[in-house]
Protein chains: 2
Amino acid sequence: MSTRRATISDVAREAGVSPSTASVVFSGKTKVSDATRRRVLDAASALGYTGPDPRAASLRRGRSGIVGVVFEEHLGTAFLDPVKTLMMDGLSDGVAPLGAGLLLLRDTEPDGGTSLTTAPLDAAVLVGCSGHLRRSLDAVKARGIPVVVIEGDAGDDVPRIGLDNREAQRQAASHLRALGHTRVAIVALPARAGWEGGWILDGTAITVDVTRERLAGALDVFPDAAAYAAAGSFIDEGLAAGRLIFADPAERPTAVIAQSDLLAAGVIRAAEEAGLRVPQDVSVTGFDGIVVDGLAPYELTTLVQPAADKGRAAGRAVTAMLDGDGAASISFTCDFREGNTTGPAPA
Amino acid sequence: MSTRRATISDVAREAGVSPSTASVVFSGKTKVSDATRRRVLDAASALGYTGPDPRAASLRRGRSGIVGVVFEEHLGTAFLDPVKTLMMDGLSDGVAPLGAGLLLLRDTEPDGGTSLTTAPLDAAVLVGCSGHLRRSLDAVKARGIPVVVIEGDAGDDVPRIGLDNREAQRQAASHLRALGHTRVAIVALPARAGWEGGWILDGTAITVDVTRERLAGALDVFPDAAAYAAAGSFIDEGLAAGRLIFADPAERPTAVIAQSDLLAAGVIRAAEEAGLRVPQDVSVTGFDGIVVDGLAPYELTTLVQPAADKGRAAGRAVTAMLDGDGAASISFTCDFREGNTTGPAPA
DNA sequence: TTGTATGCGTTATCAT
DNA sequence: ATGATAACGCATACAA
């Protein structure tokens, strides 16, 4: 048998037309008479030709139809976070008009592997650029391909998809204050990469933007609140933090502001463990507005962030940039949602 | 400024060497004297050349360095499952020797989007091919690129990464029988795509392989056990199923075999709700061996499946196929792990 | 160790 | 509606 795969020229020859005509049959860029289309298609199936080679097409077109998504963490870790997962969904939508697929990339690339510098990308989306993704950013900028950053700051020339973290968190805090709470504790996201969990003290440097901004929002309302930064956004981390916070009955806060819904879920569990009722004895707020699997019957009082919209916006931004239009930074707004985990401060 | 990006020829000219020499400096395929390498690198940075264009390189090489991963669900849904997430990690490892990245693809592609037929893939991995991914499979086979299937059956000519679902589940069931349990209920995974949850009756067609196999394993030991198939692998689904199962005190089983750890976690919660202690009043087994966030202090009695290994094996299989070697199907084995959620049947 | 020549498979442009 | 032509940017076989 023939050892070589058929090319579009083979098909054209078999069909008795020119290669360009055959090409057009597949791309649909120009009108073709039904008769010739038919002949070309028949020839193609006779030769087992399944369509243009994407590699050649992308060279010729200058587009690969691939958008890289860069995470700082290990893939498995990244997707443990429902917010990131939703964002991917939105991103997937956002690049749809481009007809692009998403290539998963990690910040730290194994040697010789496909990386930002060697992958055939049309554009890239960096997720959570808190100083860490700097190298990736440089690589991408050097290649001159469009980039946008979600949840992070990459300088003025890189469009940024953000969130009103500080204002939103302030809203939740104000809600608690209005309910009469004064003794409040904060359970924060990690202060920096590799953070193992611990209290945030005066000298603690917080390099994660999201953590810093949400903390600032809470402190705007409760300047004296103590904050414990967990090692990650997990229920079990919230549980651990909650145990610390509820350990001393004398110092017990009447409300806990958690920086994520998962942390909040853990805090609630810790409260139950300590024999505290939510919200009668202690109020808890979350952040994100995701569905926390297994949290029923509680409905968190939380800030609902438009995670999927953020992804979609990022997709649209790179699409616009590829079309030669500029893309501006966008800041999204959270929605305050009152659930049944907050109530009046106990007397 | 210059409107065109520099190519390797430009660099070569600038450096006073031939294009092939410049090429070799970047690919490292051949020895180059330090002096010329230096000159080429300098010329490159002077021209702002950041390395070979991946599109051109992949056309020339015949490899794109991209492996497609095809899911049947929406991306966000797929990654809600920790098992899939772990599998992705393993897959990412498995294709590392290939130096390949992972392109996320959905079975049902939006028109005109990057798809199995238009993406520059070297190989593809189909996840969960229960009849549904058939079309994707055909597309990939037509293109003649290597495919492997995880958790599913794609015919004899497609290597398959499997699991001893039936035997493993039988092990858990036997464990329960040895503990004296006789009244056992099963909480299964969905019976088919789009399943909304419901009891599995005699006539119920089960098209999801995993569900069918695990069910068979449980029925091998408890032929009369009733089985409720949930709408998905979520804690809340397990909770709903558990409520049904524990509703009638007279018919209450002393043990529940759940087909996933998340379902088991929900069942445990339902038991607590019903005032039943685990494992004193009711035993619960899971499947997967993942860490269920928020389940502490319970440790599930479960079957630990090597999720990451499955991914790794899939990666290795496509790597082997690309190297021209054949790849055989592999079946992995689960490890039975006894936790504190099973105990002797109540008297 | 370096240079020369060639083609990878396509599609955009322009002419017919 | 169809065809001729010319890149797209690179890596390799082979010669020097």
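Excluded from the calculations below are hydrogen atoms, water molecules and symmetry mates; all remaining heavy atoms, backbone and side chain alike, are included. To find a chain, count down the sequence lines: A is the first, B the second, and so on, and within it residues start at 1. Computed from a predicted structure; not experimentally measured.
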Below 4.0 angstrom from OP1 or OP2 of [N], is there any side-chain N or O of [X]?
X: Ser20(A); N: dT2(D); result: no
X: Ser33(A); N: dT2(D); result: yes
X: Ser23(B); N: dT12(D); result: no

Write down the distance between CZ (Arg143(A)) and P (dG9(D)), rounded to a whole number of angstrom.
13 Å
Protein-nucleotide distance (Leu59(B), atom CG; dT12(D), atom C1'), rounded to Å:
13 Å
Is atom CG of Asp157(A) surrounded by more than 12 heavy atoms (other residues, nucleotides or ligands) closer than 6.0 Å?
yes
Would you find more than 12 non-hydrogen atoms of other residues, nucleotides or ligands less than 6.0 Å from Asp156(B) atom CG?
no
Can you find a donor-acceptor N/O pair under 3.5 angstrom joining the side chain of Arg60(A) to the base of dT10(C)?
no
Quick one: label Phe26(B) by what it contacts on the DNA or RNA (base, sugar-phosphate, nothing), any heavy atom closer than 4.0 Å.
nothing
Any base atoms under 4.0 Å from Ser27(B), or only sugar-phosphate, or nothing? Heavy atoms, all strands.
nothing
SB check Arg5(A) Asp53(A) (cutoff 4.0 Å):
no
Of the nucleotides [options], which one has an atom closest to the side chain of [X]?
X: Thr36(B); options: dT2(C), dT11(C), dA11(D); answer: dT2(C)
X: Arg61(A); options: dT11(C), dC10(D), dT12(D); answer: dT11(C)
X: Lys31(A); options: dA1(D), dG9(D), dG3(D); answer: dA1(D)

Quick one: list whatever passes salt bridge (Lys or Arg N to Asp or Glu O under 4.0 Å) with Arg13(B), sequence neighbours left out.
Asp10(B)
Taken in chain and number order and not counting sequence neighbours, the residues that satisfy salt bridge (Lys or Arg N to Asp or Glu O under 4.0 Å) with Arg192(B) are none
Return yes if some donor-acceptor pair links the side-chain N/O of Arg39(B) with the main-chain N/O of Ala15(B) below 3.5 Å, else return no.
yes
Measure from the side-chain N and O atoms of Asp323(B) to the backbone N and O of Asp325(B), and report whether any donor-acceptor pair falls under 3.5 Å.
no
Hey, can you pull the residues of residues 11-18 of chain A with a non-hydrogen atom under 4.0 angstrom from DNA chain C?
none
Let me know, please, whether Thr21(B) or Ile8(A) comes out on the 5' side of the other along DNA chain C by nearest nucleotide.
Thr21(B)
